[in-house]
Amino acid sequence: MSTLPNRRDIIRWLGAGAAAVYAHSLGAANQPFRFPSGAVIRTVLKDMPPDALAGGATLFHEHLSVGTDFMPRVMAEFRKLLGPGVSLPPLSSPEQLRSMKDIEVMTAEMRSAAADGVACIVDAGHPDMGRNVQFLKQLSRKSAMPIVASAGYYTQPFYPPAIAQWSEDQIAQELVRQTRADPIGAFGEIGTWDTMTADERKVFRAVGKAHLATNLPIFTHTNQGKSAMEQLDVLESAGVKPQRVAIGHLGGVTDSKAELQKALCKRGAFVGFDRQGGAGDADQVPAVLALLEAGYAGQLLFSSDFSFASDLKHNGGAGYAMSVTVFGPKLRKAGVPQSTLHGILVDNPRRLLAFTPKTTRGT
């Protein structure tokens, strides 16, 4: 085994040529992907050609702006779901939480992420999480980091009361309205908290209809892979092509053979390993290797689902680039070629996010 790559190595293989190919097996590469004519990646400040983001990683599922009460609510719901005997990560301190809302601190975090090889970050929040689009715009403008904003509804415990009353068509109309009011670049994260509820099924159908009206890509939240196939089933039933969907949080599936992920990839969907960058993510390397060996490198996505202010570099954490700087080197040490990792971190998320707009851009 070789030693872990350093930061200079990481930046070199992330930016090793904008036309670098993505691999379809552990040692083989395919021809470069060509984006459709007119395709853009919609960031909060402007629509960008996908090639403009070819110089670094795009993190497809992070959080840059959430309400102060969001993570306490998430932890409370996890406690209900998992019971008192399961250990949960500690909440950030009030001082740490304030730093995540400090534009100067967050600007420094974005610049640090860029120095670590990140070219674009997708914010996975929306109004039911307390996301602030104006803050995202200010942060992008000040830091020069392209940021993609999302639209949607999270999961059953976080839905506004209206969801229970609205039809799926009414929800779809509201989602399209959101994309016209704000510069939205994706529907996400759209989730099932555990087993899919009737309301969650309705929301997924509505997201599918809103996708057909806008062409925006979709990324989801699962409880460690639970209801993953059902999510794709429901979206397909609404007319969504699997190639426009990323099913999320599949790194938590405890199966080194990655049978669930392979089944989703076989249907054409992207699969998200999007809680990467922590001490425990080495356990997920075998599943990634199994997917690479099965020929699914072109459908893998990595991100960290950054949610805890304690993970900011300002607060002593690994920062927003942790899926690149912490998880990436573990894959290199396991023998994953540079071209394969470049494809996963740089090319695949651009393929997911690039779309040909059907509606006018929100302001």
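Between His221 and Tyr154, the ring planes are perpendicular. Angles over 60° get that label, and only those under 30° would be called parallel.
Contact detail for Val326 and Gly277: the closest heavy-atom pair is CG1-O, 3.4 Å. Of all heavy-atom pairs spanning Val118 and Met145, the tightest one is O-CE, 3.7 Å. Ser150 and Gly188 make their closest contact through CB-O, 3.1 Å (heavy atoms, listed as atom of the first residue, atom of the second, distance). For Pro146 against Leu53, the heavy-atom pair with the smallest separation is CG-CD2, 3.9 Å. The nearest pair of heavy atoms linking Ala354 to Phe35 is CB-CD2, 3.7 Å. Counting all heavy atoms, side chain and backbone alike, Lys262 lies closest to Ala294 at CE-CB, 4.0 Å.
Expressed to the nearest 0.5 Å, how far CZ of Arg42 lies from CG of Asn215 amounts to 10.5 Å. Summarising the geometry, atom CG belonging to Leu59 is positioned 11.5 Å from atom NE2 belonging to His61; distances are rounded to the nearest 0.5 Å. Interatomic distance, Asp128 CG to Ile163 CD1, rounded to the nearest 0.5 Å: 8.5 Å. Here Phe187 contributes atom CZ and Tyr153 contributes atom OH; the two are 10.5 Å apart, rounded to the nearest 0.5 Å. Rounding to the nearest 0.5 angstrom, the gap separating the OG atom in Ser92 from the CG atom in Asp311 is 7.0 Å. Note that OG1 of Thr68 and CG of Leu97 are 6.5 Å apart. Values are rounded to the nearest 0.5 Å.
Using a distance-only test at 3.5 Å, with no hydrogens or angles considered, a donor-acceptor pair links the side chain of Thr197 to the main chain of Glu200. Put simply, the side chain of Ser99 gets close to the backbone of Gln96: a donor and an acceptor are under 3.5 Å apart. A donor-acceptor distance shorter than 3.5 angstrom exists from the side chain of Gln170 to the backbone of Ser167, with no hydrogens or angles considered. Without hydrogens or angle criteria, Ser143 side chain to Leu139 main chain gives a donor-acceptor distance under 3.5 Å. Between the Asp182 side chain and the Ile184 main chain, no donor and acceptor come within less than 3.5 Å of each other. In terms of modelled atom types and a separation under 3.5 Å, the side chain of Arg332 and the main chain of Val336 share a donor-acceptor contact. Between the side chain of Gln299 and the main chain of Cys265, a donor-acceptor pair closer than 3.5 Å is present. Judged by distance alone, the side chain of Thr179 and the main-chain N or O of Arg177 form no donor-acceptor pair under 3.5 Å. Under a 3.5 Å cut-off, the side chain of Asp102 and the backbone N or O of Glu104 do form a donor-acceptor pair. Listed for the Glu109 side chain is a donor-acceptor partner under 3.5 Å among the backbone atoms of His314.
Among the candidates Gln231, Arg267, Lys241, the single residue satisfying the side-chain contact (heavy atoms from CB on, under 4.5 Å) test with Glu236 is Arg267. The only member of Val324, Thr58, Asn348, Leu341 that meets side-chain contact (heavy atoms from CB on, under 4.5 Å) when paired with Phe302 is Leu341.
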- [ ] Apply side-chain contact (heavy atoms from CB on, under 4.5 Å) to the pair Lys202 and Ile171, showing each step before the final yes or no.
- [x] CA-CA 8 Å; Lys202 183 169 60 173; Ile171 298 170; 3.9 Å; yes
Open item on the list: Working note: Arg98 + Glu95, criterion salt bridge (Lys or Arg N to Asp or Glu O under 4.0 Å); need CA distance, chi angles, decisive distance, verdict.
Closed with: CA-CA 5 Å; Arg98 284 193 293 272; Glu95 183 180 358; 5.3 Å; no
TODO: I would like to know whether Phe60 and Phe270 meet ring pair (Phe, Tyr, Trp, His ring centres under 6.0 Å); could you show each step before the answer?
DONE: CA-CA 11 Å; Phe60 86 101; Phe270 288 92; 8.6 Å; no
Open item on the list: For Phe204 and Glu168: C-alpha separation, side-chain torsions, deciding distance, then whether side-chain contact (heavy atoms from CB on, under 4.5 Å) applies.
Closed with: CA-CA 9 Å; Phe204 268 80; Glu168 65 184 53; over 6 Å; no
Task: Chi angles and distances behind the side-chain contact (heavy atoms from CB on, under 4.5 Å) call for Arg244, Phe355 - done: CA-CA 9 Å; Arg244 305 304 296 135; Phe355 76 106; 3.7 Å; yes
Task: Full working for side-chain contact (heavy atoms from CB on, under 4.5 Å) between Val44 and Val148 - done: CA-CA 6 Å; Val44 293; Val148 174; over 6 Å; no
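No path of Ile, Leu, Val, Met, Phe, Trp and Tyr side chains, each step under 4.5 Å between heavy atoms, connects Phe306 with Met71, placing them in separate hydrophobic clusters. In the hydrophobic cluster analysis, where Ile, Leu, Val, Met, Phe, Trp and Tyr join through side-chain heavy atoms closer than 4.5 angstrom, Trp193 is grouped together with Val86. Cluster annotation: Trp166 and Met196 are assigned to the same hydrophobic cluster (Ile/Leu/Val/Met/Phe/Trp/Tyr, side-chain heavy-atom contacts under 4.5 Å, transitive). Both Leu264 and Leu289 are assigned to one and the same hydrophobic cluster, defined by single-linkage of ILVMFWY side chains at heavy-atom distances under 4.5 Å. Note: the hydrophobic cluster containing Leu301 does not contain Leu232 (ILVMFWY, side chain heavy atoms under 4.5 Å, direct or indirect links).
If you check the side chains of Lys142 and Thr107, you find no donor sitting under 3.5 Å from an acceptor. Donor-acceptor pairing under 3.5 Å is lacking for the side chains of Ser304 and Gln276. Using a 3.5 Å distance cut-off with no hydrogens or angles, the side chains of Gln156 and Asp199 do pair a donor with an acceptor. With 3.5 Å as the limit, one finds a donor-acceptor pair spanning the side chains of Glu62 and Ser303. Judged by distance alone, the side chains of Ser237 and Arg205 do bring a donor and an acceptor atom under 3.5 Å apart. Glu189 and His63 share a side-chain donor-acceptor pair at under 3.5 Å. Residues Ser65 and Asp123 have side chains that never bring a donor and an acceptor to within less than 3.5 angstrom of each other. The closest side-chain donor-acceptor pair between His249 and Asp274 falls under 3.5 angstrom.
Contact of the Val245 side chain with the Phe219 side chain is not registered, since no non-hydrogen atoms from C-beta on lie closer than 4.5 Å. Between Phe327 and Leu331, the closest side-chain pair of non-hydrogen atoms falls below 4.5 Å. Under the 4.5 Å side-chain criterion, counting only non-hydrogen atoms from C-beta, Met100 is not in contact with Phe308. In this structure, the side chains of Pro90 and Met75 stay at 4.5 Å or more apart for every pair of heavy atoms. Taking the side chain as every heavy atom from C-beta outward, Leu136 and Leu64 approach each other to under 4.5 Å. Taking the side chain as every heavy atom from C-beta outward, Val66 and Arg131 never approach each other to under 4.5 Å. Annotation: side chain of Phe273 is in contact with side chain of Gln284 (closest heavy-atom distance under 4.5 Å). For the pair Cys120 and Ile147, the minimum side-chain heavy-atom distance is 4.5 Å or more.
A salt bridge links Arg350 to Asp51: at least one charged side-chain nitrogen sits closer than 4.0 Å to a carboxylate oxygen. In this structure, Asp233 does not pair ionically with Arg201, as no charged nitrogen and carboxylate oxygen lie closer than 4.0 Å.
For Lys358, the NZ atom counts as densely surrounded, since its 6.0 Å shell holds more than 12 non-hydrogen atoms of other residues, nucleotides or ligands.
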